[in-house]
Amino acid sequence: MLRAALALSLLAAGAARGEIVSARFGDPTTRYDHAVLGDAIEYGTLELWLKGGQGRRIVLPETRVFEDLAPRLADLDGDGAPEVIVVETDLSRGARLSVYGAGGLIAATPFIGRAHRWLAPVGAADLDGDGFAEIAYVDRPHLARLLRVWRFRDGALTLVAEAGGLTNHRIGQDVISGGIRDCGDGPEMVTASADWSRVMATRLQGGALVSRDIGAHDGPEAFAAAMGCAS
């Protein structure tokens with residue numbers, strides 16, 4: 001089987017378009033020597049299950065892996081059915097954020113540009129109330145510590161804002177901290193400050209990212225409190 005290009009294998013009959021109900025990674029592999037998430041195991045396939053029991057396997061070429069904890073499901077186009085958000089890494093060009101549907105790749109950000117460079121997703125939501133979903137991640141959370149927000153519109157991703165001095169992952173951890181919360185006055189992104197001393201909440205306002213300090217970071221409990229709107 002040729003793997004020089006991305007291949008989509010059908011596990012069951014059905015149309016290429018379908019409603020995704022769950023997703024997971026498969027085909028664990030050690031072909032990428034980064035271990036940013038604490039071990040040497042990444043994944044070679046994305047397995048999708050559709051409404052009605054059909055399945056799909058999205059198989060990456062040998063030059064790529066899914067360098068992520070788990071796929072994330074979010075309705076990005078507002079049609080009532082979710083798309084799948086993953087971190088996809090090229091062995092020589094580093095990570096990118098990719099959006100998949102039942103028929104394969106829908107959209108992706110550019111690869112960071114070199115091996116052993118990664119991004120840590122924050123989440124997806126309509127962050128500014130314009131009717132379109134945004135996806136947020138921290139670009140190189142151990143180096144650049146750059147929060148970036150991309151808008152998903154008409155099947156494409158467009159960078160709308162970025163801000164430095166924020167992070168959500170430490171090298172070797174098998175967890176990505178924070179996320180997106182809504183405590184009653186709209187969504188905001190929860191991360192750490194660059195030095196991990198503070199918990200930060202950031203909003204997308206007027207096309208810019210505006211951050212505020214919401215408390216000391218003194219362990220995982222601080223993030224749990226923030227995500228539960230206790231801080």
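In this chain, residues are counted from 1 in sequence order.
Contact detail for Ser211 and Leu166: the closest heavy-atom pair is OG-CD1, 3.8 Å. Of all heavy-atom pairs spanning Ile58 and Gly104, the tightest one is CD1-CA, 4.2 Å. Pairing each heavy atom of Glu88 with each of Ser98, the nearest pair is OE1-OG, 2.9 Å. What you find for Ile214 and Ala201 is that their closest heavy atoms are CG2-CB, 3.9 Å. Closest approach of Arg72 to Val86, counting heavy atoms only: NH1-CA, 4.5 Å. Considering every non-hydrogen atom in both Ile106 and Gly101, the closest pair reads CD1-N, 3.5 Å.
At distances below 3.5 Å, at least one donor-acceptor pair connects side-chain atoms of Asp126 with backbone N or O atoms of Gly131. Checked by atom type and distance alone, the side chain of Tyr32 pairs as donor or acceptor with a backbone atom of His116 at under 3.5 Å. Between the Thr167 side chain and the Pro141 main chain, a donor and an acceptor come within less than 3.5 Å of each other. Between the Thr29 side chain and the Arg31 main chain, a donor and an acceptor come within less than 3.5 Å of each other. At least one donor-acceptor pair under 3.5 Å links the side chain of Asp182 to the backbone N or O of Gly186. Put simply, the side chain of Thr45 never gets that close to the backbone of Arg57: no donor and acceptor are under 3.5 Å apart. A donor-acceptor contact shorter than 3.5 Å is absent between the side chain of Asn168 and the backbone of Gly178.
In this structure the side chain of Val149 never reaches within 4.5 angstrom of the side chain of Leu159, judged on heavy atoms. Looking at Leu46 and Pro71, their side chains come closer than 4.5 Å, going by heavy atoms from C-beta outward. Using a 4.5 Å heavy-atom cutoff, the side chains of Arg198 and Asp213 are in contact. Residues Arg64 and Thr89 have side chains not in contact (no heavy-atom distance under 4.5 Å, counting atoms from C-beta outward). Leu73 has its side chain out of reach of Glu83: every pair of non-hydrogen atoms, C-beta onward, lies at least 4.5 Å apart. Residues Leu147 and Glu162 are not in side-chain contact: their nearest non-hydrogen atoms beyond the backbone lie 4.5 Å or more apart. Counting heavy atoms from C-beta outward, Val199 and Ser231 have side chains that stay 4.5 Å or more apart. A 4.5 Å side-chain heavy-atom check between Leu209 and Arg203 finds every atom pair outside the cut-off.
Partners of His142 according to the ring pair (Phe, Tyr, Trp, His ring centres under 6.0 Å) rule, which considers only residues two or more places apart in sequence or in another chain, are His169. In this view, Asp128 and Arg151 satisfy the salt bridge (Lys or Arg N to Asp or Glu O under 4.0 Å) rule, not counting sequence neighbours. Residues satisfying the side-chain contact (heavy atoms from CB on, under 4.5 Å) test with Asp174, not counting sequence neighbours, are none. With sequence neighbours left out, the side-chain contact (heavy atoms from CB on, under 4.5 Å) criterion links Thr109 to Arg96, Leu97, Tyr137, Trp150, Leu157. Listed by chain and residue number, Glu188 satisfy the side-chain hydrogen bond (donor to acceptor under 3.5 Å, both in side chains) test with Arg212 (two or more places apart in sequence, or in another chain). Under the side-chain contact (heavy atoms from CB on, under 4.5 Å) criterion, Ala133 pairs with Leu76, not counting sequence neighbours. Annotation: side-chain contact (heavy atoms from CB on, under 4.5 Å) contacts of Val21 (sequence neighbours excluded): Trp49, Lys51.
Apart from Val175 itself, the hydrophobic cluster it occupies contains nothing, where clustering links Ile, Leu, Val, Met, Phe, Trp and Tyr at side-chain heavy-atom distances under 4.5 Å.
Legend: ring-ring contact (aromatic ring centres under 6.0 Å, His included) pairs involving residues 56-98, not counting sequence neighbours, sorted by first then second residue: Phe25-Phe66. Residue pairs meeting the ring-ring contact (aromatic ring centres under 6.0 Å, His included) criterion with at least one partner in residues 207-231, sequence neighbours excluded, are Trp196-His217, His217-Phe223. Among residue pairs with one or both ends in residues 129-162, none qualify as disulfide (SG to SG under 2.5 Å); sequence neighbours excluded. Residue pairs meeting the disulfide (SG to SG under 2.5 Å) criterion with at least one member in residues 135-231, sequence neighbours excluded: Cys183-Cys229.
No option in Val99, Val122, Leu127, Ile180 other than Val99 meets the side-chain contact (heavy atoms from CB on, under 4.5 Å) test with Ile135.
If you take CG on Asp139 and CG on Leu143, they are separated by 9.5 Å, rounding to the nearest 0.5 Å. We find the NE2-CD distance between His34 and Glu42 to be 8.5 Å, quoted to the nearest 0.5 Å. With rounding to the nearest 0.5 angstrom, the CG atom of Asp90 is 5.5 Å from the OG1 atom of Thr63.
Applying the 6.0 Å contact sphere to CZ of Arg181 captures more than 12 heavy atoms from other residues, nucleotides or ligands.
In the hydrophobic cluster analysis, where Ile, Leu, Val, Met, Phe, Trp and Tyr join through side-chain heavy atoms closer than 4.5 angstrom, Leu37 is grouped apart from Leu60.
No hydrogens or angles considered: nothing links the side chains of Tyr43 and Glu67 as a donor-acceptor pair under 3.5 Å.
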